[in-house]
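Numbers restart at 1 for each chain; the letters A, B, ... are given by sequence-line order, proteins then strands.
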Amino acid sequence: MSVISFVSGKVRGRRPGSVGAEGAAPSQNKRAGAESEAIPGEGAKFRLRDVSLRYGNRPVLEGITMDIPERRITAVIGPSGCGKSSFLRCLNRMNDLVEGCRLEGLVLLDGEDIYAREYDVTALRRRVGMVFQRPNPFPKTVYENVAFGPRIFGIKDRETLDGIVELSLKRAALWEEVKDKLREPALALSGGQQQRLCIARVLAVEPEVILLDEPCSALDPIATQRIEDLLAELKENYTIVIVTHNMQQAARVSDYTAFFLIESQGEPGRLVEFGDTATIFTAPADPRTERYITGRFG
Amino acid sequence: MSSISREWLIKRILLVAAMVVVLGLAMVVYFMAKESLPAFREAGPANLFSATWSPRDGRYGMLVFLVGTLTTAAGGLLLGTPLALSLALFLTQVAPRRSRALFSRGVEILAGIPSIVLGWLGFTMLVPWIRKLSGSSGSGILAASIILAVMVIPTITAISKDALEAVPASYAQASLAVGATRWQTTWRVLLPAARPGILAAVILGLGRAVGETMAVAMVIGPASVFPTSLTTPTHTLTTKILMEMGESTGVQRSSLFAMGLVLLLLAMALVLLVRRVSGGPFKYGVVE
Ligand SMILES: Nc1ncnc2c1ncn2[C@@H]1O[C@H](COP(=O)(O)OP(=O)(O)O)[C@@H](O)[C@H]1O
Ligand SMILES: [Mg+2]
């Protein structure tokens, strides 16, 4: 619990006069300029406008403006330390848990400012689920892991819960492997199964967006393959944002790719290029993207 | 001296030290058993575990004191555990980082208060206060429980705090990330994950409460009968031994040893219980 404390659950420092201060969320996505970042032919799930993030007085992200398309897989790539994880945590406000964290700019989910003062963070996190780098199932049974979210939201009826657990495990392509082990400890599963269990735990609260932070970095190639197949299925119904260290993975699974970079030590991370994955990997517009990608493939 | 022979020497010294400790422990048990043997032989277990203490009539029953020990300890835990757990949660979850150390020091200082000081405060302030409120003598199980609660709070707080801190942060993150509140996360994830450590804390607290003598002696009575209420005098095993030890001989003296033996077995049972619930003396059963 070291980075988390009850007192730090605030993100302060909205710039006065930033658009979020105007209130009235629906008008915001119509404001001039907002459409210009939109990817042609895609609806935007998230809109970020000039987002900057600081931990204390250390700038981590600066000037991020992008639209994350709905029901597509967006990959976030870049060298380590460039703020990929921090970027992801902006989208479900997990950064609120970091003491001294401040966000400026605008983050809209379906046109609503998620950093608005009265915005319900727990409801946000229910809509925007997160899967972490290391599988982190609770030290409970397989069943209780998946039922955790629904129980939090007040579902007590046994049959309803059974149904949710089964459906979520099926969606996470794990049901066949664990249907006879629902009462066994989740920590007894393999790493890949644990990660899919974590995905099932997120799916159980019916999110709209799934954020994954290097979900395969602790997994072997076969388990990785299974997760990638799963993501391809899930994008039919969910907006997916995946941070990955692995160029090939980004190229394989994603529709769009965002490349983040730190220019030099102490600088914040910036979005260098964002576009459809094929273009980024074959004909990047920015020489820095090309250098990074060829270097990594090289 | 070559490093091999130095190592050999160190090993020997450690071995001897370990043997002295084990031997000492074995001797304590042996001595207690041997000294209580006359009581078991001459008075018999039925007499020893009866509820009547009256050496003049050849009655050496310790049931009243055993019940006194168990009820005061249980009372101390009942009052102390919720407070200690709240304190541990406050220290790990709520308190601003900077004031955490301050509060933790406070708890440590509380642990260091000599029991005679607590007993004295109990005798001079708590007992008269209970006497005024209840209209009875004021000393008894309630006063002893309150004093014991103060004594077990530091133990339970410190160990529960360690157990809570040992819960991987990833559990809380997972919970918060599906939309659980802080409170739900604490209640449904942190406390269950820390449960083995918290149980160990409570059992160690129980050990402290069962063994405490001086502070309890000053607020418990004395009386060698079952109390009629929580605020009438009685005795515990420890306080009874304390009161009688100076002027006992023969079977009466031996029966005090039998009480000590019961206490010793109780303490050993508690240690074994801690091992069982926590998977080791100081391991909190949290799997990474
Ligand atoms: N909780 C935190 N508190 C302070 N600094 C942090 C925290 N998390 C990350 N950082 C810093 O922010 C920068 C970006 O980190 P991160 O978002 O984890 O990058 P990436 O995921 O791309 O490796 C790094 O310099 C890191 O040290
Ligand atoms: Mg990262």
Contacts under 3.5 angstrom, residues 211-219 of chain A side chains, donor-acceptor by atom type, not counting sequence neighbours:
from, atom 1, to, atom 2, distance (Å)
Asp213(A), OD1, Ser85(A), OG, 3.3
Asp213(A), OD2, Ser85(A), OG, 2.8
Glu214(A), OE2, His245(A), ND1, 3.4
Ser217(A), OG, Glu214(A), O, 3.2

*Take atom CZ in Arg98(B); do more than 12 heavy atoms of anything else shown fall under 6.0 Å from it?*
no
*Write down the atom of Lys140(A), the atom of Arg188(B), and the distance for their closest heavy-atom approach.*
NZ-O, 2.8 Å
*Non-neighbouring partners of Phe90(B) that pass ring-ring contact (aromatic ring centres under 6.0 Å, His included), sequence neighbours left out*: Phe103(B)
*Check each atom of Arg127(A) against the heavy atoms of chain B and say whether the ones under 4.5 Å are side chain, backbone, both or neither.*
neither
*Pairs satisfying side-chain hydrogen bond (donor to acceptor under 3.5 Å, both in side chains), at least one member in residues 67-79 of chain B, at least two apart*: none
*asked:* I want to check something: taking the side chain as every heavy atom from C-beta on, are Pro139(A) and Tyr171(B) in contact at a cut-off of under 4.5 Å?
replied: yes
_Over 12 non-hydrogen atoms of neighbours within 6.0 angstrom of CZ in Phe123(B)_ = no
*Roughly how far, to the nearest 0.5 Å, is CE of Met94(A) from CD of Gln173(B)?*
5.0 Å
*Is there side-chain contact between Arg182(B) and Leu97(A), with at least one heavy-atom pair below 4.5 Å?*
yes
*How would you list, in number order, the residues of residues 142-155 of chain A that have a heavy atom less than 4.5 Å from chain B?*
Phe148(A), Gly149(A), Arg151(A), Ile152(A), Phe153(A)
_Report which part of Pro137(A) has an atom under 4.5 Å of a heavy atom belonging to chain B: side chain, backbone, both, or neither._
backbone
*Crowded around Asn57(A) CG? As in, over 12 foreign heavy atoms under 6.0 Å?*
no
*Using non-hydrogen atoms and a 4.5 Å limit, figure out which bit of Val128(A) sits close to chain B: side chain, backbone, both or neither.*
backbone
*Are any of the side-chain heavy atoms of Leu176(B) and Arg125(A) separated by less than 4.5 Å?*
yes
_To check you understand the geometry: which heavy-atom pair defines the closest contact between Ala174(B) and Arg201(A), and what is its length?_
CB-NH2, 3.2 Å
_Is it the case that over 12 heavy atoms from other parts of the model lie below 6.0 angstrom from the CH2 atom of Trp175(A)?_
yes
